[in-house]
Colleague: 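Structure incoming, see below.
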Amino acid sequence: MPELPEVEVSRLGISPHIEGKLITQVRVHDARLRWPVPETVQRVSGQRLEAVTRRAKYLLLKTAVGTLLLHLGMSGKLRVVPNTTSLKKHDHIEIEFEDGQVLRLNDPRRFGALLFCADDVSSHELLARLGPEPLTEAFTADYLFAASRGRKQAIKTFIMDNHVVVGVGNIYANEALFKAGINPKRQAGQVSRARYQKLVPLIKQTLQDAIAQGGTTLRDFTNVDGSPGYFAQQLMVYGRGGKRCMVCQATLKEIRLGQRSTVYCTRCQR
DNA sequence: AAAGACACCTGTCCGC
DNA sequence: TGCGGACAGGTGTCTT
């Protein structure tokens, strides 16, 4: 479900309801996520939620005693509801606040995660080696060009590598490469500086547009308030294999790169 | 070190 | 209508 825009939309959706509030209880209904939810998550009970931030696709819920790391995996969804709302299938976690509102994590496929970190969260093993945030000034064409030198992997898998840059998932990698006119199979190390100068702003723009549209709704993604995201209407290639290119009318090609479905226009993308 | 395959799950959709 | 198989937004881990 979530790429960076969907995670950010989720963050923006939940934070006004829970930031600054006292956590009264953490209820673990089903600890079977990507890793078993540890007992240490209980340490935030009685703590004030100081901030809800994001690093890559991890949501960070900060308290004075430590930080919860929350990942949505492929199918995780967050909602804030009154504690009288009945539980649904695959509701794994509830974090209850002083005003009776509850943050619920629902995750059918269980690739999501909830962990607790008592120390500096940025040096947590899951976060320490991540690349820059795509929407910050640290992510530049010069950086990406330099990082790509000598790399033989396809540019699509390269920009989806979290050690290179975080938050570019399968949808937006397909979309950004289409807009930049770059063939996703092209070796990262043989893409010119000029083309990275085109690509990097398009990655940023694609992600920002998707956030502004409330994310991409495919299948079942909805935002925290239950509304869908509208970015799906703007997808140029993702999910459109075999259909016409919206620019040149050629038939879009669908292949697999790194076991991920990859759609591109053989005429527009070289 | 880098690149690729695999694993972890459930739900949905498609073809027969 | 049922059944098998393929596929789905991610990413840590293992194997080449």
Side-chain angles (χ1 to χ4, degrees), chain A residues 1-11 29-37 54-59 69-78 88-93 105-115 124-131 134 146-176 184-190 203 206-207 210-211 213-223 228-235 237-242 254-263:
Chain A
M1 185 249 304
E3 293 196 29
L4 186 143
E6 290 73 39
V7 177
E8 183 64 13
V9 165
S10 297
R11 187 185 75 79
H29 299 290
D30 186 349
R32 299 174 306 159
L33 289 175
R34 175 155 200 188
W35 299 282
V37 176
R54 180 185 58 72
R55 172 72 174 109
K57 295 171 192 161
Y58 290 91
L59 288 174
L69 286 77
L70 195 161
H71 198 290
L72 297 175
M74 289 276 258
S75 58
K77 274 177 288 192
L78 291 173
K88 290 196 294 190
K89 193 176 182 183
H90 304 305
D91 277 345
H92 284 254
I93 309 284
L105 171 64
N106 182 284
D107 187 2
R109 291 178 72 181
R110 299 198 266 121
F111 293 159
L114 182 69
L115 300 169
H124 189 280
E125 57 181 5
L126 291 173
L127 306 185
R129 287 178 295 278
L130 293 175
S148 71
R149 292 309 88 181
R151 301 291 293 266
K152 294 190 172 173
Q153 73 181 141
I155 183 146
K156 177 166 178 261
T157 50
F158 175 69
I159 62 173
M160 289 178 69
D161 181 345
N162 280 339
H163 302 292
V164 174
V165 57
V166 302
V168 184
N170 199 34
I171 297 176
Y172 302 112
N174 277 300
E175 294 301 306
K185 285 191 297 188
R186 186 168 287 280
Q187 288 184 13
Q190 63 146 103
I203 291 173
T206 304
L207 295 174
I211 293 169
Q213 299 282 316
T216 298
T217 290
L218 302 168
R219 302 177 184 78
D220 55 357
F221 175 78
T222 56
N223 296 317
Y230 294 99
F231 194 77
Q233 298 164 12
Q234 296 179 28
L235 296 177
V237 287
Y238 182 85
R240 299 193 65 247
E254 178 155 9
I255 61 170
R256 296 194 76 80
L257 276 180
Q259 285 97 265
R260 314 298 292 217
S261 109
T262 302
V263 184

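Numbers restart at 1 for each chain; the letters A, B, ... are given by sequence-line order, proteins then strands.
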Colleague: With sequence neighbours excluded, what pairs up with Tyr58(A) under the ring pair (Phe, Tyr, Trp, His ring centres under 6.0 Å) test?
Modeller: His71(A)

Colleague: Expressed as a whole number of angstroms, how long is the span from Asp161(A):CG to dG12(C):C1'?
Modeller: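 Taking CG of Asp161(A) and C1' of dG12(C), I get 12 Å after rounding.
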
Colleague: Applying side-chain contact (heavy atoms from CB on, under 4.5 Å), can you list everything that pairs with Arg149(A), at least two apart in sequence or on another chain?
Modeller: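 Per chain and number, Arg149(A) pairs via side-chain contact (heavy atoms from CB on, under 4.5 Å) with Phe145(A), Tyr196(A).
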
Colleague: Considering only the P atoms, how many Å lie between dT11(C) and dA1(B), rounded to the nearest integer?
Modeller: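 One P to the other, the span is 23 Å.
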
Colleague: What is the distance, to the nearest angstrom, from the CD1 atom on Ile171(A) to the P atom on dT11(C)?
Modeller: 13 Å

Colleague: What string of B, S and - do you get for nucleotides 1-8 of chain B 5' to 3' if you count protein non-hydrogen atoms under 4.0 Å?
Modeller: -SSSBB-B

Colleague: Tell me the interatomic distance from Leu69(A), atom CG, to dG10(C), atom C1', rounded to whole angstroms.
Modeller: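 Taking atom C1' of dG10(C) as the reference, CG of Leu69(A) is at 15 Å.
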
Colleague: Between Glu254(A) and Arg240(A), is there a donor-acceptor pair closer than 3.5 Å when you use the side chain of the first and the backbone of the second?
Modeller: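 Flag not set: sc Glu254(A) to bb Arg240(A) has no pair under 3.5 Å.
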
Colleague: C1' atom, dA3(B) versus dG9(C): distance in rounded Å?
Modeller: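 It comes out at 23 Å once rounded to the nearest Å.
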
Colleague: Listed by chain and number, what are the salt bridge (charged side-chain N to carboxylate O under 4.0 Å, His left out) partners of Arg260(A), not counting sequence neighbours?
Modeller: none

Colleague: Give me each pair satisfying side chain to side chain donor-acceptor pair (under 3.5 Å) with a member in residues 105-115 of chain A, each pair once, sequence neighbours excluded.
Modeller: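 Found Ser75(A)-Asp107(A), Asp91(A)-Asn106(A).
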
Colleague: Quick one: list whatever passes side-chain contact (heavy atoms from CB on, under 4.5 Å) with Val165(A), sequence neighbours left out.
Modeller: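 By the side-chain contact (heavy atoms from CB on, under 4.5 Å) rule, Val165(A) matches Pro134(A), Phe139(A), Val168(A).
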
Colleague: Check this one for me: any side-chain N or O of His90(A) less than 4.0 Å away from OP1 or OP2 of dT10(B)?
Modeller: no

Colleague: Take the protein atom OH of Tyr172(A) and the nucleotide atom C1' of dG10(C), then report the distance between them rounded to whole Å.
Modeller: 14 Å

Colleague: Could you list the residues that satisfy side-chain contact (heavy atoms from CB on, under 4.5 Å) with Ala31(A), not counting sequence neighbours?
Modeller: Val28(A), Val37(A)

Colleague: Expressed as a whole number of Å, how far does the P atom of dC3(C) sit from that of dC9(B)?
Modeller: 24 Å

Colleague: For nucleotides 14-16 of chain C, list the nitrogen or oxygen atoms of the protein found under 3.5 Å from its nitrogen or oxygen atoms, one pair per line.
Modeller:
none

Colleague: Find the distance Leu127(A):CG to dG12(C):P and express it as a whole number of Å.
Modeller: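 Value for this atom pair: 9 Å.
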
Colleague: Can you list the stems that include DNA chain B, where a stem is three or more consecutive Watson-Crick or G-U pairs with distances under 3.5 Å?
Modeller: B:2-8 with C:10-16, B:10-16 with C:2-8

Colleague: With Arg54(A), which residues qualify under salt bridge (charged side-chain N to carboxylate O under 4.0 Å, His left out), at least two apart?
Modeller: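 Applying salt bridge (charged side-chain N to carboxylate O under 4.0 Å, His left out) to Arg54(A) gives Glu8(A), Glu133(A).
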
Colleague: CD of Glu254(A) versus P of dA6(C): gap in Å, rounded?
Modeller: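 Rounded to whole Å, this separation is 15 Å.
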
Colleague: For Ala210(A), what residues pass the side-chain contact (heavy atoms from CB on, under 4.5 Å) criterion, not counting sequence neighbours?
Modeller: Pro5(A), Tyr172(A), Phe231(A)

Colleague: Would you check if there is a donor-acceptor pair between the side chains of Gln153(A) and Gln187(A) at a distance under 3.5 Å?
Modeller: no

Colleague: Going by salt bridge (charged side-chain N to carboxylate O under 4.0 Å, His left out), name the residues that satisfy it together with Arg151(A), two or more places apart in sequence or in a different chain.
Modeller: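 In terms of salt bridge (charged side-chain N to carboxylate O under 4.0 Å, His left out), with neighbours along the sequence ignored, Arg151(A) is linked to Asp161(A).
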
Colleague: How many whole angstroms separate atom CD of Glu125(A) from atom C1' of dT13(C)?
Modeller: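 Spelled out: CD on Glu125(A) to C1' on dT13(C) is 12 Å.
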
Colleague: Give me the distance, rounded to whole Å, that separates dG12(C) from dG11(B) when you measure between the P atoms they each carry.
Modeller: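 To the nearest whole Å, 24 Å.
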
